[in-house]
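Positions are given from 1, in the same order as the sequence printed here. The structure presented is a predicted model; accordingly, all values stated were derived computationally and were not measured.
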Amino acid sequence: MKLTLTEPRLLKEPINAISELVNDVKLNINKDRIELVAIDPSSVAMVIFKLFSSSFVDYQVNGSVDLSISLDSIKQVLKRAKPSDTVMLQLDEDKRKLKIILRGETSRTFNVALLDIEHKEQKVPDLKFKAKIEMSSATFDEAIQDMDIISDSVSIDVIENKLLISSEGNTSDGKVEISEEVGAVITNDAKGDVKSRYSIEYLKKIIKGGRLADKVIIQFDKDYPLKVDYILKDKLQLSTILAPRVENY
């Protein structure tokens, strides 16, 4: 296995975001992509990551390879990668290590030990959503940060042709209105308004994916999981499915 990437951020930023939710993971590397599907320890969020072979300048894989590894270990190495560096990944099967080479003005080599743990195969659920919104990643990020000062949960609503992100605490409340006038594309296939509540603690981790893409796609339904997608066409996809907080409103 030999993989060469000339845009370190395509690996660095997703791993930074994913490691907020999970650490010890199984990477599947096949002829088409590097793929990861994992559930956080509290079973509140599922992460799906795909880094396609078209992102690499050299992509050599025989068959399919599964690697159990600590994301924190990879993250520490990739912190040392400069934007202009080339990142090379090679598998040392005899020593059971992943070799990471950062090549720029100098060539730096790191060997990250693989883990001897079994991972249960995770199946991505087949979810059907009524509401779908595509908008600026920065706008979504700011809305979540704004509501974080109010409470530990946030309501996400589609009301007519507007997206409403709101929160209510013991002594204060707040809301952010996002309309199609600011470039959001809002679709609602429900007969009425759609509303659901989610953890801000998790959303603050999920929105770190906004460093990858200018646009975010969110999908949800009433008292239903939220799916957040950051997509770079022909390069990568970072998706998170977040369980709702079902409460009496």
Side-chain angles (χ1 to χ4, degrees), residues 1-41 45-122 205-214 230-240:
M1 183 191 89
K2 182 180 178 183
L3 315 178
T4 305
L5 187 67
T6 55
E7 293 183 80
R9 76 180 192 94
L10 298 182
L11 189 59
K12 184 176 182 176
E13 296 298 349
I15 285 179
N16 284 343
I18 296 167
S19 65
E20 294 282 333
L21 296 168
V22 295
N23 183 33
D24 297 343
V25 300
K26 181 180 76 174
L27 296 177
N28 175 256
I29 304 173
N30 57 47
K31 64 182 180 66
D32 298 317
R33 60 185 174 266
I34 298 176
E35 186 169 10
L36 175 159
V37 180
I39 295 178
D40 85 291
M46 170 179 272
V47 183
I48 306 105
F49 172 58
K50 299 175 184 179
L51 182 59
F52 299 108
S53 58
S54 52
S55 298
F56 295 81
V57 294
D58 186 21
Y59 192 90
Q60 301 176 35
V61 180
N62 293 322
S64 179
V65 179
D66 288 330
L67 306 179
S68 292
I69 201 159
S70 163
L71 290 185
D72 280 344
S73 297
I74 299 178
K75 183 169 70 172
Q76 294 304 318
V77 173
L78 293 177
K79 276 184 178 179
R80 304 303 305 156
K82 300 174 184 177
S84 58
D85 282 347
T86 294
V87 179
M88 298 176 63
L89 305 177
Q90 297 176 4
L91 178 61
D92 188 331
E93 295 186 19
D94 294 333
K95 295 183 179 179
R96 289 193 48 75
K97 291 186 176 181
L98 177 66
K99 180 183 289 186
I100 305 175
I101 302 170
L102 307 180
R103 187 164 291 165
E105 294 179 356
T106 61
S107 182
R108 293 153 285 157
T109 301
F110 304 86
N111 292 293
V112 178
L114 301 180
L115 303 176
D116 291 315
I117 56 176
E118 292 291 327
H119 287 276
K120 180 182 177 182
E121 196 71 27
Q122 302 292 348
K205 297 175 180 179
I206 292 169
I207 59 177
K208 291 183 183 294
R211 296 171 183 167
L212 282 165
D214 293 335
Y230 296 100
I231 299 171
L232 281 179
K233 187 178 178 182
D234 299 328
K235 291 189 176 182
L236 64 79
Q237 178 175 340
L238 176 60
S239 304
T240 310

Measuring from Asn28:CG to Leu36:CG, what's the distance to the nearest 0.5 Å? 10.0 Å
One should read off an interatomic distance between Glu20 CD and Ile206 CD1, to the nearest 0.5 angstrom, of 11.0 Å
If I compare all heavy atoms of Leu232 with all of Arg9, which pair ends up nearest, and what's the gap? CD1-NH2, 3.8 Å
Rounded to the nearest 0.5 Å, what separation is found between the CE atom of Met1 and the CD1 atom of Ile34? 7.0 Å
Any heavy-atom pair between the side chains of Ile15 and Phe49 that's under 4.5 Å? no
Any non-hydrogen side-chain atom of Thr86 less than 4.5 Å from a side-chain atom of Val57? no
Side chain to side chain contact (heavy atoms under 4.5 Å, CB included) evaluation trace for Lys75 with Asn16: CA-CA 6 Å; Lys75 183 169 70 172; Asn16 284 343; 3.0 Å; yes
Run the salt bridge (charged side-chain N to carboxylate O under 4.0 Å, His left out) test against Asp214 and tell me which residues pass, sequence neighbours left out. none
Close side-chain approach of Leu3 to Ile29, heavy-atom, < 4.5 Å: yes
Is it the case that Asp72 and Ser19 place a side-chain donor and acceptor less than 3.5 Å from each other? no
If you take all heavy atoms of Leu115 and Arg96, which pair is closest and at what distance? O-NH2, 3.4 Å
Take Asp85 and Arg108 through the test side chain to side chain contact (heavy atoms under 4.5 Å, CB included) and record every step on the way to the result. CA-CA 10 Å; Asp85 282 347; Arg108 293 153 285 157; 2.6 Å; yes
May I ask you to test the Leu78-Pro8 pair for a side-chain heavy-atom distance under 4.5 Å? no
Value for NZ (Lys82) from CD (Glu105), rounded to nearest 0.5 Å, stands at 5.0 Å
Looking at Lys12 and Ala81, would you say the former's side chain and the latter's main chain have a donor-acceptor pair under 3.5 Å? yes
Are any non-hydrogen side-chain atoms of Leu238 and Val47 less than 4.5 angstrom apart? yes
Just by distance, no angles: are the side chains of Asn23 and Ser70 close enough, under 3.5 Å, to form a donor-acceptor pair? yes
Main chain of Ala45, side chain of Asp40: is a donor-acceptor contact present, judged purely on distance under 3.5 Å? yes
Can you find a heavy atom in the side chain of Lys31 that is under 4.5 Å from one in the side chain of Val61? no
Please test Ser68 against Asp24 for side chain to side chain contact (heavy atoms under 4.5 Å, CB included), starting from the C-alpha separation and ending with a verdict. CA-CA 7 Å; Ser68 292; Asp24 297 343; over 6 Å; no
With a 4.5 Å cut-off on side-chain heavy atoms, are Leu27 and Asp66 touching? no
What residues form a side-chain contact (heavy atoms from CB on, under 4.5 Å) with Lys50, not counting sequence neighbours? Arg33, Glu35, Ile48, Phe52
Is Ser55 close to Leu5 at the side-chain level, that is, under 4.5 Å between some pair of heavy atoms? yes
So Asp92 and Asn111, side chain to side chain contact (heavy atoms under 4.5 Å, CB included) or not? Walk me through it. CA-CA 9 Å; Asp92 188 331; Asn111 292 293; 5.6 Å; no
By salt bridge (charged side-chain N to carboxylate O under 4.0 Å, His left out) - contacts of Lys95 (at least two apart): none
One should read off an interatomic distance between Leu67 CG and Ile74 CD1, to the nearest 0.5 angstrom, of 8.0 Å
Roughly how far, to the nearest 0.5 Å, is the NZ atom of Lys26 from the CD atom of Gln122? 9.0 Å
I'd like to know if the side chain of Ser54 reaches the main chain of Asp234, judged simply by a donor and an acceptor atom lying under 3.5 Å from each other, with no hydrogens or angles considered. yes
Could you report the tightest heavy-atom contact between Val77 and Phe110, atom names first, then the distance? CG1-CD1, 3.5 Å
Indicate the atoms forming the closest heavy-atom contact of Leu114 with Leu91, along with that distance. CD1-CD1, 3.9 Å
Taking all non-hydrogen atoms of both residues, which atom of Tyr230 and which atom of Ala213 are closest, and how far apart? CB-CB, 4.3 Å
